[in-house]
Structure formats: C-alpha cells, structure tokens
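Okay, structure first, notes after.
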Amino acid sequence: MERRVGVLARHLSSHSPSMASGNPSEMISPFPTAGSFGESVFAHVVQAPEDPILGVTVAYNKDPSPVKVNLGVGAYRTEEGKPLVLNVVRRAEQLLVNDRSRVKEYLPITGLADFNKLSAKLIFGSDSPALQENRVTTVQCLSGTGSLRVGAEFLAKHYHQHTIYIPQPTWGNHPKVFTLAGLSVKTYRYYDPATRGLNFQGLLEDLGSAPLGAIVLLHACAHNPTGVDPTLEQWEQIRQLMRSKALLPFFDSAYQGFASGSLDADAQSVRMFAADGGELLAAQSYAKNMGLYGERVGALSIVCKSANVAAKVESQLKLVIRPMYSSPPIHGASIVATILKDSGMYHEWTIELKAMADRIISMRHQLFDALRARGTPGDWSHIIKQIGMFTFTGLNTEQVAFMTKEYHIYMTSDGRISMAGLRSRTVPHLADAIHAAVTQI
C-alpha cells in the first residue's frame with residue numbers, strides 16, 4: 001500500500017509544476033472548490049424564473065388585499081375556499097394507521113400490486129379484453145407527472161419513433177417532461193380561439209400529416225388548460241385516423257370522474273382505443289379525483305399486443321424506475337387500494353367525487369349568469385360548454401394583467417382560470433373584473 005502511495009506521489013509531482021516545487025502556496029486549483037473562502041462554485045448559476053403556474057400562487061400570497069382571489073391553483077377548493085380531504089380518504093387512512101401489522105418496508109420497483117391491478121381496472125373497465133388477456137402492464141409512479149416521465153423515458157429507449165405530438169395549448173409541464181426524457185416535441189392544433197372550442201379540422205390535418213408511428217399525447221378528459229374535449233363521435237374519428245397511421249396514443253388521465261362526475265364517462269376515450277386491440281400508454285393521477293395531491297399517487301399502464309410482450313415491457317420499465325427513484329411511496333397507494341377494493345368505500349368515493357364535479361359545474365353556471373346579467377360584451381357560453389377544473393376564458397395577457405392590478409384576481413397570463421378556486425361569494429367580483437377588462441382594455 002505504501003509503495004503504491006509513493007508511486008502516485010511521484011507521478012503527480014512529475015506532472016505538476018507546483019507539486020514539483022514543493023511549495024504548498026503554489027498548489028492553486030484553477031477552479032473554486034467547496035472548501036475555499038473565495039466565490040461559490042455555483043456563482044455562475046442564474047436565477048430561474050418562477051414556474052408560470054405555481055408563480056401565480058407566489059404572487060397571490062404576497063398581495064395583502066382582502067379581496068384577492070386565486071384562480072391559478074390547480075387544486076380543488078370548497079365553497080369556503082379551503083382545501084378538501086375526502087371523508088372516505090380519512091376513513092381509509094384511519095384503517096391503515098390502526099392496522100398494527102402494517103410495516104414501512106420498501107415496495108417492489110413496480111409498486112403496490114393491488115393498487116396497480118385496481119388502477120388498470122378503473123381506467124380500462126372491469127370487462128376490458130386487454131386486462132382479461134393480461135396484455136396490460138401497470139406500474140405505480142409519482143402521480144401523473146412521474147407516470148408521464150417514466151413512460152417517456154421508456155419510449156425514448158425502446159420505441160422506434162422519438163417524436164411526440166402534443167396539443168396546442170397543453171399543460172405547461174408536458175413539453176418539459178418529454179423533452180428532458182429524450183423525445184422531440186411537436187404540436188398539433190387543438191384550441192380554436194375564434195369559437196373558444198375545438199379546432200377539430202386542424203387537429204385531423206396535423207395528425208394526418210404526422211409521420212407514421214409518431215407518439216401522440218391525448219388528454220383523456222377535461223383538457224388542461226382549455227376545458228375543451230372532443231365529442232365521442234370526434235374521438236372515434238381521431239381513433240380511426242391514428243390507427244390508420246400507426247400513431248401511438250399516450251393518454252394523460254388526470255381528471256377521471258372529476259370532469260363529468262362519472263368515472264366511466266370520463267374514461268370513454270381511453271377505453272375506445274383499448275377496445276380495438278391496438279397498443280397505447282395511459283398515465284393516471286389520483287391527485288384531483290381523490291384529493292391526494294401531496295401523496296403523489298399515480299400509475300402508468302401500457303397496453304400491449306400480447307401477454308408475452310407486456311411482461312417484457314414491464315421488465316424494462318423496472319430498469320427505468322430503479323435508477324430514477326428506486327421504488328414508489330407506500331402510503332398514498334395504500335389509501336387508493338383500500339378505497340377501490342371495498343365496494344362500500346368505493347361507492348362513498350363516487351358520491352364525494354360527483355359532489356366536487358357538481359360544485360365546479362355550478363360555478364360555471366353562476367359565472368356565466370353573472371356576465372350575462374352585466375351585459376358583458378361577447379359570447380360567454382364557452383364557460384358552460386367547457387368541462388373540468390379549468391376554463392379558457394379568452395381573456396388576453398393585457399386584460400389578465402389589468403384584472404390582477406385593479407381587482408387582485410390572479411390567474412395564468414393565458415387567461416386560464418381554475419373554476420375550483422371560485423366561490424359563490426367571489427363570482428360577482430370576478431364578473432365585475434372581466435366586464436371591466438373587456439370593456440376597458
């Protein structure tokens with residue numbers, strides 16, 4: 001050992017002028033080091049901008065106004081403006097806490113087996129041929145974002161096409177997730193500002209001209225940020241077009257049951273694609289529909305052509321997950337599994353879920369009525385035609401800035417508002433602000 005240290009010392013001294021001189025004061029590194037008293041090794045790091053969505057809440061929190069309203073938050077709020085923990089979630093959690101046999105051991109890489117099985121059943125339906133034939137592999141991931149990322153990394157490594165088409169507009173995190181995973185992101189037309197509805201013709205044209213085999217991101221329901229969804233007839237046309245060009249569907253299902261109040265209705269688009277025997281990916285999140293935002297509970301399912309392929313796909317998904325976060329957290333997934341496998345708790349969940357969806361629908365109608373009562377210029381029927389947590393108001397950046405400055409109403413600069421952040425008592429204030437913005441700006 002001493003001999004090897006001596007050889008190393010002689011090697012270093014022969015290659016370094018300062019070492020050869022034997023003067024410690026001359027042994028200066030060209031780069032600042034963690035232990036030096038000089039400038040930080042991270043001094044070159046620039047201040048990053050706030051996330052455009054999360055930054056809205058940061059600005060809202062700094063505003064001392066008593067009339068301020070936060071319509072940027074992507075989380076459900078009660079009529080009192082408070083976060084909601086579902087009663088059924090509290091019950092499930094209590095059962096878990098009281099079970100002394102439960103331990104805190106690591107889950108397998110793929111997550112909680114019961115959770116995966118029940119999640120696949122929830123989105124594909126209990127009578128799904130793909131499930132009955134064991135052609136689906138499901139892995140527990142870190143909510144919707146983590147599910148998208150794991151799926152994207154798998155595709156970047158194992159799928160022949162590295163281009164993914166995402167709707168224009170889409171959730172702000174989508175392009176970042178896919179780009180960092182190694183995919184090339186392109187867009188297809190989706191929203192029509194003129195009608196504040198779906199640009200269906202543009203969508204068909206763009207997907208029709210996409211290269212064979214390209215990946216296509218689809219919002220399963222309650223499109224974020226627009227609240228605009230295709231009809232079932234339009235979904236069928238999209239399916240036929242995509243299958244004719246071997247385009248690979250990647251569904252993002254963040255709002256099942258939260259859009260219409262029906263778990264089955266909100267999964268129709270995914271089930272339509274799964275029923276034709278073709279392959280697809282689906283990312284699920286329980287943040288919204290069970291209010292488990294901070295528990296980070298999600299699942300990625302990949303529907304394959306055969307059980308043999310599904311088994312091989314799962315083996316490769318493990319190789320994506322293991323170096324990323326090793327295995328997922330146990331608590332939130334256990335809550336979901338507890339609720340989904342108990343018929344009584346499942347029924348209780350559907351009632352609470354519908355109550356959340358109904359409150360949001362009620363907010364849409366109240367805002368629409370308030371704008372009509374004020375004679376606000378324009379057709380605001382899109383507010384009640386759109387669905388889910390968000391509404392694309394059609395307000396421009398200047399109008400949004402005006403409403404923030406003059407009325408202390410916070411939303412993203414593209415005019416997206418969270419209907420879940422609205423309350424009966426704040427509807428008049430918002431309607432006044434929109435009326436003023438439209439008539440003055």
Side-chain angles (χ1 to χ4, degrees), residues 46-65 67-77 81 145 166-179 185 187-199 217 219 222-228 252 254-255 288 360 363-364 367-368 371 376-380 382-383 386-423 426-427 429-441:
V46 297
Q47 181 72 37
E50 287 279 5
D51 180 277
I53 297 173
L54 302 181
V56 172
T57 299
V58 173
Y60 167 83
N61 289 337
K62 290 178 180 174
D63 188 341
S65 171
V67 297
K68 65 181 180 178
V69 180
N70 185 4
L71 299 178
V73 63
Y76 184 81
R77 293 290 180 264
T145 306
I166 63 176
Q168 177 63 37
T170 193
W171 180 45
N173 221 12
H174 279 147
K176 300 168 193 170
V177 167
F178 295 122
T179 301
V185 174
T187 61
Y188 61 89
R189 280 171 284 175
Y190 189 87
Y191 179 73
D192 183 353
T195 63
R196 295 175 186 173
L198 183 67
N199 183 354
L217 178 79
H219 295 231
H223 180 274
N224 177 5
T226 68
V228 174
D252 185 357
Y255 302 98
K288 311 296 191 299
I360 289 174
M363 288 301 103
R364 290 183 178 279
L367 179 59
F368 173 71
L371 290 169
T376 305
D379 176 11
W380 297 93
H382 60 280
I383 291 174
Q386 292 170 9
I387 193 169
M389 182 175 279
F390 301 108
T391 284
F392 228 39
T393 58
L395 297 165
N396 61 39
T397 307
E398 292 74 27
Q399 290 167 332
V400 170
F402 167 83
M403 288 168 60
T404 302
K405 183 172 181 287
E406 301 296 331
Y407 288 84
H408 304 275
I409 289 171
Y410 292 82
M411 66 180 87
T412 50
S413 60
D414 58 8
R416 183 198 83 163
I417 63 174
S418 171
M419 300 309 296
L422 201 53
R423 302 150 65 185
T426 57
V427 165
H429 183 56
L430 175 60
D432 288 343
I434 291 175
H435 185 86
V438 169
T439 53
Q440 295 178 40
I441 306 295

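Quick note: numbers below take in every heavy atom, side chains included, and nothing from hydrogens, waters or symmetry partners. Sequence positions, counted from 1, serve as the residue numbers for this chain. Given the structure is predicted, the values throughout are model-derived calculations rather than measurements.
- Test Asp63, Asn61, Asn70 against Tyr410 for side chain to side chain donor-acceptor pair (under 3.5 Å) and you get one pass: Asp63.
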- Message: Evaluate His219 against Thr170 for side-chain hydrogen bond (donor to acceptor under 3.5 Å, both in side chains), listing each step before the verdict.
- Response: CA-CA 9 Å; His219 295 231; Thr170 193; 2.8 Å; yes
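- The closest side-chain heavy-atom distance from Thr391 to Arg416 is not below 4.5 Å.
- Side-chain contact between His435 and Pro377 is present, with heavy atoms from C-beta onward closer than 4.5 Å.
- Tyr76 does not carry Lys288 over the face of its six-membered ring by the limits of under 6.0 Å from the centre and within 45° of the normal.
- In this structure, Ile434 and Leu371 have side chains that are in contact, with non-hydrogen atoms separated by less than 4.5 Å.
- For the pair Leu367/Met419, a side-chain contact is recorded, criterion being any heavy-atom separation below 4.5 Å from C-beta on.
- A parallel orientation is assigned to the rings of Phe178 and His174, their planes being inclined by less than 30° (bins at 30° and 60°).
- Taking 4.5 Å as the limit, every side-chain heavy atom of Pro225 sits out of range of all side-chain heavy atoms of Tyr191.
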- Audit row: Thr426, His429, side-chain hydrogen bond (donor to acceptor under 3.5 Å, both in side chains) steps and yes/no: CA-CA 5 Å; Thr426 57; His429 183 56; over 6 Å; no
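- To the nearest 0.5 angstrom, Tyr60 atom OH is 11.0 Å from Ile409 atom CD1.
- Using a 4.5 Å cut-off on side-chain heavy atoms (C-beta onward), Leu198 and Asp192 make no contact.
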